[in-house]
Structures are given as C-alpha cells and as structure tokens.
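Each remark here refers to the structure printed beneath this line.
What's counted below: heavy atoms across the whole structure, side chains too, no hydrogens, waters or symmetry copies. In the text below, chain A, chain B and the rest are named by the order of the sequence lines, each starting its count at 1.
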2 protein chains.
Amino acid sequence: MLPCQACPLRALSDMREFTPEQLAWISRQKRAEYPHAAGDTIIAEGATDERIYTLLRGWAFRYKSLPDGRRQILNVLLPGDVVGLQAELMSASPHGVEALTEVTLCAFRRDMVWELFRDHPSLALDLTWLSAHGERLTDDVLLSVGRRSAMERMAMLLVLLYRRAASSGLKRPDGGVPFPLTQGHIADLLGLSAVHTNRVLQQLRRQGLVSLKEGVLTVGDLRALRRVADYWEQPAPRRPLL
Amino acid sequence: MLPCQACPLRALSDMREFTPEQLAWISRQKRAEYPHAAGDTIIAEGATDERIYTLLRGWAFRYKSLPDGRRQILNVLLPGDVVGLQAELMSASPHGVEALTEVTLCAFRRDMVWELFRDHPSLALDLTWLSAHGERLTDDVLLSVGRRSAMERMAMLLVLLYRRAASSGLKRPDGGVPFPLTQGHIADLLGLSAVHTNRVLQQLRRQGLVSLKEGVLTVGDLRALRRVADYWEQPAPRRPLL
DNA sequence: ACACCGCATTAACACATGTTATCGTTCCGG
DNA sequence: CCGGAACGATAACATGTGTTAATGCGGTGT
C-alpha cells in the first residue's frame, strides 16, 4: 500500500504543499487501496458506505438517475478528487459513482472526517475546498446543459476535459490525452441523446477541431474550439490533496 | 441588530440545536444586517466580497451567465442558507447572487471561516454541511434540466419549492406559499424559454394541479403533481444554522 | 469459427421546444 | 394624465434535438 508521502499525485504542479506532519497523519488514516474495473459501480445511488475515498488512479463519474432509467452525469472525477463525501455524513448517498476506467481508490474510515475537523483544522478546510471545488464544476455543467446549444456544450466539454486531463499529468507525447468516455457517457453528461451527440461530434471532426478515437482525444485547434464554446479560461488554482 | 440567540429561524422544526456557547460565539461574529431590495444584485459574478452572509429573510438565487446574456439559475436560496461561501475563500465569486424579494442578510467577516475551523470544529462541520447541502439541490436541478421533459421539470420545481417554502415556515393559512419567481425566473431555472414556460404552466393550471397568481403558489393536487414529476420524496434531514 | 453484444455511424422522420410577434394589464415616473 | 417598462398570455411558425431503425465493426465467450 502506497504511503501518502510517496503519492505520485503530490508531484503535480498544481498541488498545494503539505507539511510532513500532515502527510504522516493522512497516511496513518489510510486503510486500504481498492481496485475497480471499468464500468464498476463504486457507490450505488442510495447506498451507504463505511468509507470515503480519494481517487488515486483512473477516471470515474458521479451521476443521478430517474426511475425509468434516464441518467444524468453530474461531474467527471479525476485523480485527486474525493469520492463519497456528502452533506449527510452518515446517510445514503444522494448520487452514484461509477468507474470509467480501471480505478484505484484510497479508502478512509468515514469517522476520520470527525477527527480531521477536531484535530486538523487546516486539513478540514482543504477537505471543504475539495468538496466545494467539485461542486463548482457541476455548476458549470448545469450552465452548459441549461443554456448552451448542443454544439457549444460539446466544445466546452472537450476543452475542459482536455485541460483537466492535461493538468492531471495525463498528456501524451503526441499531444493527445486519454478520453475514456463513450458517446453514451457524453450524451448523459451533456443532456443529449446518443444520436445527437454523434452528429455534433462529427461536425467538430469534419471541421478539424478535434480528433477522438480509440479513447484518445486530440485537439486540432484549441483556439477555434474555445471560440465555439464561447468560453475563456480562468487560471487554475492551486489545489489540496487528501 | 438581532442577536443570533433570538433568531426566529432557530425555532423552525428542522433546525439542529446549538449550545449556548456556540450561539454566543456566532452572535459575536455577526457584523451587520444588510437589507436589499427585490431585484438587487447581492454578489455580482466575478466580484470579490469581504464578507459572507446568512440569508435571514427573503428569497434569493445563485446564477451563472454567458457573455451574450443567457443565464442559468443554479439554485434558489431561502432563509437559513449561506451566501457567498466558495472554494477559493478569498477570490472572485464563480457565480452571482440576486435577491428575489426584499431580503435581509446577516454579515460575517470572511476570515471568520478560518477561526471557525480552528476553534469550533463542530461549527465548521456545520458550515460544510450547509455548503454541501446547497450543492445537492443543484445536483437535482441538473438532473431535471438534463433529463426531464419541460412538464416534468415544472412539476418537480413546484413540488420542491412548495415543500421548501412550507418547511421554512412560510405556509399561509389558506395553504398557499409565497412564490416570488416570475415566469422568466422559472425559465432560467429550468433551462426553458419564457414562452414555453408559460405554455407548460398553463397546462398544469388547466388540469387544476396548481394555482399560481400574485406571487402565491397553491397546490391543488399534490399527489398528482408528484406523479407528473415522477418524484417521490425523501424525508428532510435536520439542518444546522450559522 | 461462430454468435453475440456494445459501440459508433447514418438516414428518415417526429415532435418538443425555441423564436418572433402581438396584445392586455398593471405599475410607476414624469 | 400620459408614456413606457415589466410581466403574462397566446398564436404562428421555425428548428434543434429526440426517436427509431438499419448497418458495420471489433471484442469476447463458447
């Protein structure tokens, strides 16, 4: 089991520095590393879980669904994101979490949150930061789904995920980044049908703005893609990691 | 200026109990009460504010907008909700906040959050709870906007706001609750055009499910409305108030 | 080798929702 | 008292997006 002091995520450029004491404490709290296969349900909607997690490796997403099976993806989770934290610390999860790729989770006891707030205020603030940060991303998704055209949503999504993946250290030598979402996932994330998702994606491809095949996303013309999305980028803040 | 110990919101049935010490501390932190008129911008998008607030009286909403003016309402704020808290404690607000009615805000210094985490872990947890709870509501909005039909969204919204308003102690003797959203607001919240919002609302009216006039919402047939929304209600949790 | 299943692609068609326009009412400021 | 602005209602029309269906391809289990 990897000690947190040696966590490869800490080396990323946008990670906040922690003190050795903080790192040691976190590492002591770490209970296990759980592997999951792509497609696994990590937390089912409405389930309760003794643990909370940090995503160490791989991609996942949060979602909610309706009784008849329609599903909305709320947010894509990348390494460093917290999984399973919610307002009601000890009750049923209001959303599900599913793995997009093979995934490794660092597990902590749920009660750790109490001790963390009691004994490590600065870490508690970090945890709140992470949770609030994830929600900010969901706000952006809502803005897209509610008010942007399908084309704009798609461009937006690709720009954002390209950037997030790149800053998670996933950029490949040829400039592409891994992109494990199927068109079905994209549809559920953007609030579109799978067919229309394909139509819109084809348009972007034909215009040479993006290439997306075999799970690799390459952006041909980032400037143009941003123009389509009518989006200008804010600088990424430094983030904590628990 | 109202001392927090005497805050009328504390009397609501779904409020958590606080110790006298906690109440005294919060009350000492309270800096001012700010009034705002209906329609006022409380926090502009991208603005920075020295303070954070608790909504004491009135309705407000969080929103994000696009350069060309399209706007998405993220969430409706009712008394007891926290205003102006965000991940980047000291940076620009990623969303705006606007008053729907006359509003009164309790103001706190932003640094208070630091002291709160350092000296009052239990309150810090409450603050995190409130922030996460607000975001859960936004998740529900996203599910609606992304995956429900216009009709379902409308029914959903009315059921939820009816319930929230009622549990905030706003139910009138005739069974109605105040409903200060214009159809334009509803459209921005549900991701619809104003015209279509009106169409859908008329349908619900003609079926006798709701009445909505002069700022008062009355639900004629709650059971049927829930059926339209395909929604079954979870019990409301006990909430903290800062 | 075969059948099967998930995923991507495309076409034809249907329809929910958006757009533009007009009108009435109320309210407010000059 | 009048003019304008905000809001609500409705109609006619336009279109973006959903639905259904068929096809091909690659992987996987038997």
Sub-4.0 Å heavy-atom contacts from residues 143-158 of chain B onto DNA chain C, ordered by number: B:Ser149, B:Ala150
Rounded distance (nearest 0.5 Å) linking atom CD1 of B:Ile186 with atom CG of B:Asn198: 9.5 Å
Which atom of A:Leu9 lies closest to which atom of A:Leu241, heavy atoms considered: CB-CD2, 3.6 Å
Donor-acceptor pair between A:Thr101 and A:Arg57 side chains, under 3.5 angstrom: no
A:Lys64 and B:Asp140 ion-paired at < 4.0 Å: yes
Sugar-phosphate only, base, or nothing, as touched by A:Ser193 at under 4.0 Å among non-hydrogen atoms: base
Whole-Å distance separating the CZ atom of B:Phe179 from the P atom of D:dC7: 14 Å
Check ion pair B:Asp174-B:Arg172 (N to O, under 4.0 angstrom): yes
Flag side-chain contact, heavy atom, 4.5 Å: B:Leu105 against B:Leu55: yes
Quick one: which protein N/O atoms are closer than 3.5 Å to N/O atoms of nucleotides 25-30 of chain C? Pair and distance per line, please.
none

Residues that B:Arg136 engages under side-chain hydrogen bond (donor to acceptor under 3.5 Å, both in side chains), provided they are two or more places apart: none
Residues A:Glu50, A:Arg31: salt bridge by 4.0 Å N-O rule: no
Ionic contact status for A:Asp81 with A:Arg239, cut-off 4.0 Å: yes
Ionic contact status for A:Arg70 with A:Asp188, cut-off 4.0 Å: no
A:Ser168 (side chain) donor-acceptor with A:Leu170 (main chain) under 3.5 angstrom: no
What protein N or O atoms touch nucleotides 9-11 of chain D N or O atoms at under 3.5 angstrom, if any, and at what distances?
from: D:dA9; atom 1: OP1; to: B:Arg205; atom 2: NH2; distance (Å): 2.9
from: D:dA9; atom 1: OP2; to: B:Gln183; atom 2: NE2; distance (Å): 2.4
from: D:dA9; atom 1: OP2; to: B:Asn198; atom 2: ND2; distance (Å): 2.7
from: D:dA9; atom 1: OP2; to: B:Gln202; atom 2: NE2; distance (Å): 3.2
from: D:dA9; atom 1: OP2; to: B:Arg205; atom 2: NH2; distance (Å): 2.9
from: D:dA9; atom 1: O5'; to: B:Asn198; atom 2: ND2; distance (Å): 3.4
from: D:dA9; atom 1: O5'; to: B:Gln202; atom 2: NE2; distance (Å): 3.2

Close approaches to DNA chain D from residues 62-73 of chain B, in residue order (heavy atom, under 4.0 Å): none
Test item: side-chain donor near acceptor, A:Ser65 and A:Glu45, under 3.5 Å: yes
Between P of C:dA8 and CG of A:Leu217, the distance in whole Å: 14 Å
Separation of atom NZ in A:Lys213 from atom P in D:dC25, rounded to whole Å: 17 Å
Helical bend (five base pairs per end, nearest 10°) for the helix from C:dA1-D:dT30 to C:dG30-D:dC1: 40°
Test item: A:Thr54 side-chain N/O and A:Leu242 main-chain N/O as donor-acceptor pair under 3.5 Å: yes
Aromatic centroids of A:His95 and A:Tyr63 separated by under 6.0 Å: no
Spacing between B:His196 atom NE2 and C:dG18 atom P, to the nearest angstrom: 6 Å
Test side chain to side chain donor-acceptor pair (under 3.5 Å) applied to B:Ser193 and B:His196, step by step: CA-CA 5 Å; B:Ser193 69; B:His196 198 58; 5.6 Å; no
Donor + acceptor pair across side chains of A:Arg62, A:Thr138 (<3.5 Å): yes
Touch class at under 4.0 angstrom, heavy-atom based, for B:Gly215 against every strand present: nothing
